[in-house]
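The block underneath contains the structure these notes are about, expressed in structure tokens.
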Amino acid sequence: MKYWLMKTEPDAYSWDDLKSEPNHTDHWDGIRNYAARNHMRDMSVGDLVFFYHSMIKVPAIVGIAKVVKEAYPDHTQFDPDAKYFDPKSPQDNPRWDMVNIQAFQELDTEVTIKELKAIPELSEMALFRISRLSVQPVTEVEWKLITGMRKLQPVK
DNA sequence: GCCAACGTTGGC
DNA sequence: GCCAACGTTGGC
């Protein structure tokens, strides 16, 4: 079992948006960064994901999602009308992948970046070291520490 | 709005 | 292959 963190701007797509999808599940399209893509390719069904809201007043981990489908080609790279259309991506060897995630667990309250920053054991998190990486690994130690800070409940 | 960090592009 | 210019991310 591996652990991850995925960032999203809630104005574009939020935790509530994911929860309102059929089966609380959606595909994670639009990733156009090789490091982030490679992390998605390393994901396995059952891996857990911190769902993180960025570009807002109080950036925070707002929920826990689960990987329910492993990496497969992101169809939006071939759609000329899509925001993340990539005309240079070869049809027979697509550059960009996505995974499917499902909203899995609720936190009783969100875990803010301020709170995370105050914890010395978390100072090496990719979240702080590699600021622009929108899909990133979380270590087991980091995962257990953070999830231990909150009550978790299944998403209904 | 500012600015640091980092990725991408393109000239040479 | 190098590197300057530029664009984007994202916290503050």
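Remember, it's a predicted structure, so these values are computed and weren't measured experimentally.
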Salt bridge check, A:E106 against A:R150: does any charged N sit closer than 4.0 Å to a carboxylate O?
no
Check: A:D42 main-chain N/O paired with A:K2 side-chain donor or acceptor under 3.5 Å:
yes
Inspect the contact between A:D86 and A:R95 and indicate whether a charged nitrogen and a carboxylate oxygen are less than 4.0 angstrom apart.
yes
Nucleotide range of DNA chain C contacted by chain A, 5' to 3', under 4.0 Å to a heavy atom?
C:dG7 to C:dC12
DNA chain C-proximal residues of residues 112-123 of chain A, any heavy atom under 4.0 Å
A:I113, A:K117
Measuring from A:D26:CG to A:E21:CD, what's the distance to the nearest 0.5 Å?
4.0 Å
Can you list every ring-ring contact (aromatic ring centres under 6.0 Å, His included) pair that touches residues 114-135 of chain A, not counting sequence neighbours?
none
List in chain and number order the residues that pass side chain to side chain donor-acceptor pair (under 3.5 Å) with A:R37, two or more places apart in sequence or in another chain; answer none if no residue qualifies.
none
Parallel, tilted or perpendicular: which fits the ring planes of A:Y13 and A:W28, with parallel below 30° and perpendicular above 60°?
perpendicular
Check: A:D74 main-chain N/O paired with A:D29 side-chain donor or acceptor under 3.5 Å
no
Does A:R129 reach a base, just sugar-phosphate, or nothing at all? Heavy atoms under 4.0 Å.
sugar-phosphate
Using a heavy-atom cut-off of 4.0 Å across all strands, would you classify A:F128 as base, sugar-phosphate, or nothing?
nothing
Could you check which residues of residues 78-95 of chain A get a heavy atom under 4.0 Å from DNA chain C? Sort them by number, please.
none
Donor-acceptor pairs under 3.5 Å, side chain of residues 52-66 of chain A to any protein atom, not counting sequence neighbours: which ones?
from	atom 1	to	atom 2	distance (Å)
A:H53	NE2	A:W15	N	3.1

Is the closest side-chain heavy-atom distance between A:N100 and A:Y72 below 4.5 Å?
yes
